[in-house]
Trainee: 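Starting off with a structure, shown below.
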Number of protein chains: 4
Amino acid sequence: MPVVARKALKPRTKPAEIRREDILRAATALFIAKGVGTTTIDEIATRAEVAKGTFYLYFASKEDVVAALRERFVTGFRDRIHRAIGACPADDWTARLKSFVQAGIAAYLDEYQLHDVVFHDHRPDQRRMKGDNPLLGDLSSLLASGTRAGAWSVDHPDLAAIVLFNGLHGTVDHAIEHGILDGGGLAENLSALFLRMLRPD
Amino acid sequence: MPVVARKALKPRTKPAEIRREDILRAATALFIAKGVGTTTIDEIATRAEVAKGTFYLYFASKEDVVAALRERFVTGFRDRIHRAIGACPADDWTARLKSFVQAGIAAYLDEYQLHDVVFHDHRPDQRRMKGDNPLLGDLSSLLASGTRAGAWSVDHPDLAAIVLFNGLHGTVDHAIEHGILDGGGLAENLSALFLRMLRPD
Amino acid sequence: MPVVARKALKPRTKPAEIRREDILRAATALFIAKGVGTTTIDEIATRAEVAKGTFYLYFASKEDVVAALRERFVTGFRDRIHRAIGACPADDWTARLKSFVQAGIAAYLDEYQLHDVVFHDHRPDQRRMKGDNPLLGDLSSLLASGTRAGAWSVDHPDLAAIVLFNGLHGTVDHAIEHGILDGGGLAENLSALFLRMLRPD
Amino acid sequence: MPVVARKALKPRTKPAEIRREDILRAATALFIAKGVGTTTIDEIATRAEVAKGTFYLYFASKEDVVAALRERFVTGFRDRIHRAIGACPADDWTARLKSFVQAGIAAYLDEYQLHDVVFHDHRPDQRRMKGDNPLLGDLSSLLASGTRAGAWSVDHPDLAAIVLFNGLHGTVDHAIEHGILDGGGLAENLSALFLRMLRPD
DNA sequence: TATGAATGAGCTTTCATTCAT
DNA sequence: TATGAATGAAAGCTCATTCAT
């Protein structure tokens, strides 16, 4: 009777981080393909090549997975925008705003499917977390700083930030719906519109 | 004890429209209170004082109810705005835009709970119906007309309409989240912001 | 305001026998097309252009309809065979048996769909009614009479009747399954086989 | 009280084959007792001492269970007949045929309840599978071989096989209906009848 | 006699979660 | 850490039947 290995072939234990990643990746693909509600834990586990029980070793529930993906989405989105803005001269406010718009549109167009998954709340208390959107603060700061620097003029930076952010969001939604994927032209027009809003009297 | 009544109390058969209304009302209350997903047909039927089978006599599924409510919500919302605009002098474009904003905010604040229920799609193809939003067309027309009349200036009325509408929407969302229910002040500031955007160069 | 007729157009009341027939006809078509179990009372009523409640005025249940159809099927089947036999010379036993076979096959091929409907019992006590099959008695008598007349020889007419009847039944079933619809050839071969069984030693 | 056991008593996990068997056994008993249509999955699960969900781990539906039982019934039935025939001298054709009849009757009498359950199709396309009956082929071969060996004479072995098989089937049905459970005498008479049919001219 | 709105018991099926191994 | 068989609550939907008109 052979005593040796046999299990060396398929290491039953992977580093936890990898496992988690496997599951997250599998879930993302399925959520995008068939929606969160329709995807079963079973399917996620199968696709991640993991037993159903193992899933629960890493996540408490399906919603927990969605939350993790949301976290990651928001961070990634924000980083991307920050990187774009960071590439602009510190005192070129118009460029910074344009970068915000351009990077925001591009990032959204790239990942709107994940966005939909991740912001498709099922709970009635959805009205709690949106306020946490850190981009609103970023944008508000940008507007306020530009105003202070005399680049433009805004009375209520918070309000303007909300309008700009939602305007951008809605514009991309509209573009996606209508199959327009030319983010460049979109960014151009949108920036122009936003800058009109910021013109001093 | 009156002998006459007896049947007046519990008419087995009600006019279809009333029955439908009963069910719709019951569903609305439950959807708002505990979410669409968590509400069962059973609960709706019980609350509407109707047998489960009767529910299916009037609606094909829970989603069918949501669709009916959505229809009604959209129509009501739009009517309210139209009524407000209609009360303004036909050539006072600024007043018309302000009315749009004010009525939109008020209507949304009044009914955002129903709004949430009704736009909480479960399907992954949510990206189909939003474009049907007739208010976008209304707003775009308003902007274009005002431009033609020389009241203000817009390069891309459709784009501007999207930004305004989503800006308004997002602003109210934000207000609700933060417990601000002073629609008046909100409308004031928002209109001012929008009008800045429309100023000719 | 016209007071006249209005109802003369569509006489709400049809003679009971007609109504019953309408329902029976509708049920038959549906049962054949989609099976008894799958057909709903609603469908029968709709097809018969009658209200659901009216259905219950004429039949106590779906099974009651099936029973009525069965009754009718059996009677018709038997009549057809009797007519065929009756057309033969009273003392030509071979011809009478052949007629039985031929008419039986023809009738079955013509109406096997209804046969299937009508003998597709759902109850576990199916083992009760088959014995009522009057054709077995008819056939047994025929065999006994022929034997007494010296045309052939049978030890146990009842047993032989069962074998012949079921043999015939099974043969047609087989033919139908295999798409053979030439009843003539079938009857020829089957009669020959049966007559071999009846040959005296 | 033994302390060791505890888990031996109610092993949460049983070998799949045993579980399947438990369910099949429970279903059979219920189907026989109250019919397939009337038996609910719930009842089967309860009787098999299994959760309802577990049922669906092993079978896709009630019909799936019936199909499994049918499969098993047909195989068992055929095996039994083959065993009986196999016990006869290879060249004693009469004995072989008698064995077929005798074993067929005995097997059917023993298991007609299961037979009824298993062949109580609900679908309108019942006319598809019967032809698959492998016993017809077996019987046809037997008849042809006996003919070739000069033991008897048959013109159309396939047709004769159908008649014999259905004759046998119908005879037992009749016997059951009338409470005759003496398979022996039945076999005697039936074999005699069949052999008459096979006599050379 | 005829209607058809209303009933509600009852069935199948799904799936998140547990837990013995 | 990993497994996956087992669980069982929960929910949607159907349809035979009733009954007030």
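Chain identifiers are assigned alphabetically (A, B, ...) following the order of the sequence lines, protein sequences preceding nucleic acid strands; residue numbering begins at 1 within each chain. Note that these values count all heavy atoms, side chains included, but never hydrogens, waters or copies made by symmetry.
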Trainee: Would you mind reading off the distance between F55(D) atom CZ and dT7(F) atom P, rounded to a whole angstrom?
Mentor: 14 Å
Trainee: What is the nucleic acid contact for T40(D), judged by heavy atoms within less than 4.0 Å: base, sugar-phosphate only, or nothing?
Mentor: sugar-phosphate
Trainee: Indicate yes or no: at least one non-hydrogen side-chain atom of F73(D) is less than 4.5 angstrom from one of V117(D).
Mentor: no
Trainee: Can you tell which of dA16(F), dT3(F), dG4(E) lies closest to the side chain of L57(A)?
Mentor: dT3(F)
Trainee: Please state how far atom OH in Y56(D) lies from atom C1' in dA16(E), giving the value in whole angstrom units.
Mentor: 18 Å
Trainee: Are side-chain heavy atoms of D116(D) and F31(D) found at a separation under 4.5 Å?
Mentor: no
Trainee: Kindly indicate whether the side chain of R25(C), heavy atoms from C-beta on, has any atom under 4.5 Å from the side chain of R47(C).
Mentor: no
Trainee: Taking the side chain of K52(B) as heavy atoms from C-beta outward, which of dG8(E), dA5(F), dT3(E) is closest to it?
Mentor: dG8(E)
Trainee: With nearest nucleotide decided by heavy atoms, which residue, A16(C) or G53(B), maps closer to the 5′ end of DNA chain E?
Mentor: A16(C)
Trainee: Write down the distance between NZ (K14(D)) and C1' (dC19(E)), rounded to a whole number of angstrom.
Mentor: 18 Å
Trainee: Between dT3(E) atom P and D42(C) atom CG, what is the distance in whole Å?
Mentor: 13 Å
Trainee: Do the non-hydrogen side-chain atoms of F119(A) and V74(A) ever get within less than 4.5 Å of each other?
Mentor: yes
Trainee: What contact category does Y58(B) fall into here, base, sugar-phosphate, or nothing, at under 4.0 angstrom with non-hydrogen atoms?
Mentor: sugar-phosphate
Trainee: What is the separation between atom CD1 on I41(B) and atom C1' on dG8(E), rounded to the nearest whole Å?
Mentor: 15 Å
Trainee: Which is more 5' along DNA chain E, the nucleotide nearest A60(D) or the one nearest S61(A)? Just name the residue.
Mentor: A60(D)
Trainee: Under 4.0 Å between a Lys/Arg side-chain N and an Asp/Glu carboxylate O for R72(D) and E111(D)?
Mentor: no
Trainee: Could you provide the dot-bracket string of DNA chain F, using ( ) for intrastrand pairs, [ ] for crossing pairs and | for bases paired to another strand, with Watson-Crick or G-U pairs below 3.5 Å?
Mentor: .||||||||||||||||||||
Trainee: Measure from CD on E49(C) to P on dA2(E) and round the result to the nearest Å.
Mentor: 14 Å
Trainee: Would you mind reading off the distance between F59(C) atom CZ and dA16(F) atom P, rounded to a whole angstrom?
Mentor: 15 Å
Trainee: Of the listed nucleotides (dT3(E), dG12(F), dT7(E)), which one gets closest to any side-chain atom of R19(C)?
Mentor: dT3(E)
Trainee: Where is the tightest heavy-atom contact between R70(A) and V118(A), given as atom of each residue plus distance?
Mentor: NH1-O, 2.7 Å
Trainee: With a 4.0 Å cut-off on N to O distance, would you call K14(D) and D22(D) a salt bridge?
Mentor: yes
Trainee: Just compare dG8(F), dA16(E), dG8(E) and give me whichever is closest to any side-chain atom of A51(D).
Mentor: dG8(F)
Trainee: Looking only at side-chain atoms of T54(B), point me to the closest of dG12(F), dT18(E), dT7(E).
Mentor: dT7(E)
Trainee: Just the rounded figure in Å: distance from P of dT1(F) to CG of D22(A).
Mentor: 15 Å
